[in-house]
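In what follows, a structure is listed as structure tokens, so that the remarks can point back to it.
Numbered from 1 within each chain, the chains take letters A, B, ... in sequence-line order. What's counted below: heavy atoms across the whole structure, side chains too, no hydrogens, waters or symmetry copies.
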Number of protein chains: 2
Amino acid sequence: MSETVDRRITRTKRAIRAALVSLIEEKGFDALSVKDITARANINRGTFYLHYKDKFDLLDQTLEEVARDIENILLEITALSGIDVVKGKLPLSIVEKLFAYFKANAPVMQALLATKGNHALQAQIKKTMWHHVFEKNRATFIKKENLLVPPEYLISYIAAAHFGVVQEWLDGGCRETPAEMARILTYITFRGPLFAAGISSPNF
Amino acid sequence: MSETVDRRITRTKRAIRAALVSLIEEKGFDALSVKDITARANINRGTFYLHYKDKFDLLDQTLEEVARDIENILLEITALSGIDVVKGKLPLSIVEKLFAYFKANAPVMQALLATKGNHALQAQIKKTMWHHVFEKNRATFIKKENLLVPPEYLISYIAAAHFGVVQEWLDGGCRETPAEMARILTYITFRGPLFAAGISSPNF
DNA sequence: TAGATATTCAACACGGAGTTGATTATCTGT
DNA sequence: ACAGATAATCAACTCCGTGTTGAATATCTA
């Protein structure tokens, strides 16, 4: 029972969400007010407070939704591939799926990444990476004791790098295909940034 | 003439800056008001508006100052080393200096990186990297035509990755020394994240 | 020390935030 | 299609931070 949500709620939430995104694109999250949102959404201002505490709460909930989506993409794949986790085939397909998701939801992603949604998402991804790489270490080809640098920095490095590239891609209008982006990203990660820059690893 | 700044201005600006940082640490930038700042700084609220348009302007100016510092560290070194730009000696010393700066200004950096100062700084760094790596390409060992991935993504990757590691380091209380951090960071960048993870580059 | 200027102070208008209670509109389940 | 539930509207109100002003005061510089 009660798995269905009242259509009125769905409608207003959708309208609010859309208004939020367009306003973030237009004037940035800082500059927008609850009044702005409800005006653009053609919603009574009081109605907003029936669903959200304030604009920050709205942002948080939007963020959580996106975070859940991302998490699901990661889980869906890591679940399948107990065996195929070798030789970089897995990460490539993960990353490609993620890029496809980002492209499909480009406006929301752009809006969120322009706020501190960045931080929140990155923190969550780092947690997920840690969990899946080190704890239930199905990825048998990575072992914490083999690391040549502290694990927390390695994870931060990779997570932040990937987000940076995603952001650049979104800002540039998603010109490359998700598959191309996945290739680029895994290429840099697997071969190393300097190798990707056309240099054979120098001795330093 | 007039190279000296009125001491009253210096004092109030310093107080405002300090109040800003402590308040960001305490409740975050979103939640703080101009009233909060002036109260903590023991400053009349009207005085604030003599120097800043609003709290965002204050943040921007603080940000610009830090950005200038970073820029100067980068320039100071790249200026010296026309010859020694080979074999990774240069980047290591750059990065170490930067970490030292971050540690010395940890509270401000923490506060700024918790806001969208992150974005601003990252954008500026990317611009600087682009300029120094590709345009006046003194770094003769990197050539745009040799790149195996698009330059904008490579730069985004590296810049974001470095910021991610800096953030992790600051959040963890700067336990490693700047030298250690510089080693870790250049190690991952030169050898590649997966190599740093203890894997010999897999074929994918 | 004199003149300049930064700071203080009190007061003001303005606008968005968040809440409330009554009314109306719309949905859900049968 | 209907009745009951509940979501949205509307108007009104309080609260609080904002940004500005003009006059008085304090502090700096030269």
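Between B/Asn42 atom CG and C/dT7 atom C1' there is a gap of 13 Å when expressed in whole angstrom units. Residue B/Ile16 contributes atom CD1, which lies 12 Å from atom C1' of C/dA6 at whole-angstrom precision. Rounded to an integer number of Å, the gap from CG of B/Leu50 to C1' of C/dT5 is 10 Å. Rounding to whole angstrom units, CD1 of residue B/Ile9 and P of C/dA4 are separated by 16 Å. Across the protein-nucleic acid pair, B/Asp57 atom CG and D/dT18 atom P stand 14 Å apart, rounded to whole Å. One atom, CZ of A/Arg11, and another, C1' of D/dA8, lie 10 Å apart when rounded to the nearest Å. Spacing between atom CG of B/Asp54 and atom P of D/dG19 amounts to 5 Å, rounded to whole angstrom units. Between the CZ atom of B/Phe56 and the C1' atom of D/dG17 there is a distance of 13 Å, rounded to whole Å.
Set against C/dA17, D/dC28, C/dT26, the side chain of A/Ser33 has C/dA17 as its closest nucleotide. Listed nucleotides D/dT18, C/dT28, C/dT26 differ in distance to A/Arg7; the shortest reach to its side chain belongs to C/dT28. The side chain of B/Tyr49 lies closest to D/dT18, out of D/dT9, D/dT27, D/dT18.
Neither OP1 nor OP2 of C/dT8 sits under 4.0 Å from any side-chain N or O of B/Thr12. B/Thr38 has no side-chain polar atom (N or O) that falls below the 4.0 Å cut-off from OP1 or OP2 of C/dT8. Contact annotation: A/His51 side-chain N/O to D/dA7 OP1/OP2 distance is not under 4.0 Å.
There is a side-chain donor-acceptor pair under 3.5 Å between B/Glu71 and B/Thr128.
In terms of heavy atoms, A/His119 sits closest to B/Ala114 at NE2-CA, 4.0 Å. When all heavy atoms of A/Arg183 and B/Leu148 are compared, the closest pair comes out as NH2-O, 3.6 Å. Contact detail for A/Ile188 and B/Tyr153: the closest heavy-atom pair is CD1-O, 4.4 Å. Minimum interatomic distance between B/Leu32 and B/Leu23 (heavy atoms only, all atoms of both residues): CD2-CB, 3.7 Å.
At most 12 non-hydrogen atoms from other residues, nucleotides or ligands lie less than 6.0 angstrom from NZ of B/Lys127.
Within 4.0 Å of B/Asp6, counting heavy atoms only, lie sugar-phosphate atoms of the nucleic acid but no base atom. At the heavy-atom level, A/Thr47 lies under 4.0 Å from base atoms of the strands shown.
Note: A/Phe102 and A/Phe99 have perpendicular aromatic rings, judged against thresholds of 30 and 60 degrees for the angle between ring planes.
Below the 3.5 angstrom threshold, one finds a donor paired with an acceptor across the side chain of B/Arg45 and the base of D/dG19. Contact of B/Arg8 with C/dT7 (side chain to base): no donor-acceptor pair of N or O atoms is detected under 3.5 Å.
The six-membered or imidazole ring of B/Phe29 lies near that of B/Phe56, with a centre-to-centre distance under 6.0 Å.
Map B/Lys35 and A/Asn44 each onto its nearest nucleotide of DNA chain D; the residue landing nearer the 5' end is A/Asn44. Nearer to the 5' terminus of DNA chain D, by closest-nucleotide assignment, is the contact made by A/Ile43 (compared with the other of B/Phe48 and A/Ile43).
Computed from C1' positions of five pairs at each end, the angle between the two local axes of the helix from C/dT1-D/dA30 to C/dT30-D/dA1 equals 60°, rounded to 10 degrees.
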